[in-house]
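A short worksheet on the structure shown next.
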Protein chains: 2
Amino acid sequence: MSDLGSALRAQGKRVTPQRRRILAAVTALAHATPDAVAKAVGEDGGVELPLSTIYRGLEVLEELGFVTHTHLDHHAPSYHLAEHATHIHLVCLGCGRVAEAEVEEAAGFTGNLRSRHGFDADVTHMAVHGWCADCAPDHGPHHGQGPG
Amino acid sequence: MSDLGSALRAQGKRVTPQRRRILAAVTALAHATPDAVAKAVGEDGGVELPLSTIYRGLEVLEELGFVTHTHLDHHAPSYHLAEHATHIHLVCLGCGRVAEAEVEEAAGFTGNLRSRHGFDADVTHMAVHGWCADCAPDHGPHHGQGPG
DNA sequence: TTGAATGCAAAAAATTTGCATATTG
DNA sequence: CAATATGCAAATTTTTTGCATTCAA
């Protein structure tokens, strides 16, 4: 972590062990729900923190730009280091694993969006759903079978 | 709507006015949360349906391939016609409006993912966040100010 | 008639809020 | 010492579930 302490101080906020622990947990987990962060904090630091502290901590961390969150699956929010957000998340609909692609790989695409729609895409927030190499063979059914 | 009746029948499911109304509401709204669907159903058809019926109806409709859902914002699920899902959603972080881009515009990108990651992307489920032409000038702060 | 769907209410989950106490600066 | 965070519990919000009744086939 670069400098949580001064970042907090710079905003007139306080440096607390809870905030450090939450950031440490997010760092270690890569992708985690608030609940998972709470669990991880407990295992690593001894005492588990209440969810409310996790939520508030995550909020501050996100405000400071240390973490970001996305909805990788369709239920829970997933928090991760902001540094990791510089990658595009490839979420497999089969096994649920999350791979990462470089932002540059979408350069042509974002260029199209900008020129044709005047839309400035922030692909660092993008999750692409699909099928990884391992699961590819399986997805015959339940796919592209729309009515129209 | 193509043929909800026979699609339901084909699955041994029943054709009910509630299901028709829910599909009609999703059709009319383009992007709607379960709650919004309930409201719309009420305004259009007279009696509002209980949320549980909305959820169950949406589930069946999704199962049949008539509707799909995505998390356009980071809180509520947004349901829309499956036909609409053949477009990529461009969600503006400024005004919240949702524009649509053609799947082909991402062809190069998905090609990259396939050749470089063996990942078969389903862009019809993709929501791209960013800034539309109108909001573009505003987003100086709160953007890319990470610590690293 | 028969089983699936609805409607209602209660149960679960997930997230937020109020407030006294503990901590940071 | 003053103000912010925490911890706990209660309150919200969102989604799911149980079950008797209604309705489609």
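Reminder, nothing fancy here: chain letters follow the sequence lines and each chain counts from 1. Side-chain atoms are counted along with the backbone in the values below, which use heavy atoms only and exclude waters and symmetry mates.
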OG/B:Ser6 to CG/B:Leu64 distance, rounded to the nearest 0.5 angstrom?
10.0 Å
Nearest-angstrom distance from the residue atom CG of B:Leu51 to C1' of C:dA13:
15 Å
So which one's nearest nucleotide on DNA chain D is more toward 5', B:Asp35 or A:Glu48?
A:Glu48
Give the stems involving DNA chain D, where a stem is 3 or more consecutive Watson-Crick or G-U wobble pairs (i with j, i+1 with j-1, and so on) under 3.5 Å.
C:1-25 with D:1-25
So the side-chain hydrogen bond (donor to acceptor under 3.5 Å, both in side chains) pairs with at least one residue in residues 106-119 of chain A (sequence neighbours excluded) are A:Arg114-A:Asp120, A:His117-B:Glu105
First of B:Pro34 and A:Gly12 reached from the 5' end of DNA chain D, by closest nucleotide
A:Gly12
Euclidean distance, atom CD of residue A:Glu63 to atom P of D:dT4 [Å, nearest integer]
14 Å
Under 4.0 angstrom between A:Tyr55 side-chain N/O and C:dT16 OP1 or OP2
no
Distance from A:Arg21 atom CZ to A:Leu49 atom CG, nearest 0.5 Å?
4.5 Å
Which of parallel (below 30°), tilted (30 to 60°) and perpendicular (above 60°) describes A:Phe109 and B:Phe109?
parallel
What is the distance, to the nearest angstrom, from the CD1 atom on A:Ile22 to the C1' atom on D:dG7?
12 Å
For A:Leu49, which contact category applies under a 4.0 Å heavy-atom criterion: base, sugar-phosphate, or nothing?
sugar-phosphate
Within the structure provided, determine whether B:Leu61 and B:Leu4 are in side-chain contact (heavy-atom separation under 4.5 Å).
yes
Let me know the distance between CG of B:Leu8 and P of C:dA5, rounded to the nearest Å.
9 Å
For B:Ile54 and C:dC8, give me the distance from atom CD1 to atom P, rounded to whole Å.
12 Å
To the nearest Å, give me how far apart CG (A:Leu58) and P (D:dA5) are.
15 Å
Partner set under salt bridge (Lys or Arg N to Asp or Glu O under 4.0 Å) for A:Arg9, not counting sequence neighbours
none
What pairs with A:Ser52 under side chain to side chain contact (heavy atoms under 4.5 Å, CB included), at least two apart in sequence or on another chain?
A:Pro50, A:Arg56
Check the distance between C:dA5's P and B:Arg21's CZ and give it to me in whole angstrom.
17 Å
Set of side chain to side chain contact (heavy atoms under 4.5 Å, CB included) partners for B:Glu48, sequence neighbours left out:
B:Ala38, B:Lys39
From CG of A:Leu64 over to C1' of D:dA5, roughly how many Å is that when rounded to an integer?
14 Å
Pairwise salt bridge (Lys or Arg N to Asp or Glu O under 4.0 Å) hits with a residue in residues 22-32 of chain B, at least two apart
none
Reading nucleotides 18-25 of chain C from the 5' end, what letters show protein touch, with B for base, S for backbone sugar-phosphate only, - for no heavy atom under 4.0 Å?
B----BBS
Taking only side-chain nitrogens and oxygens of B:Gln18, does any of them come within less than 4.0 Å of OP1 or OP2 of D:dC23?
no
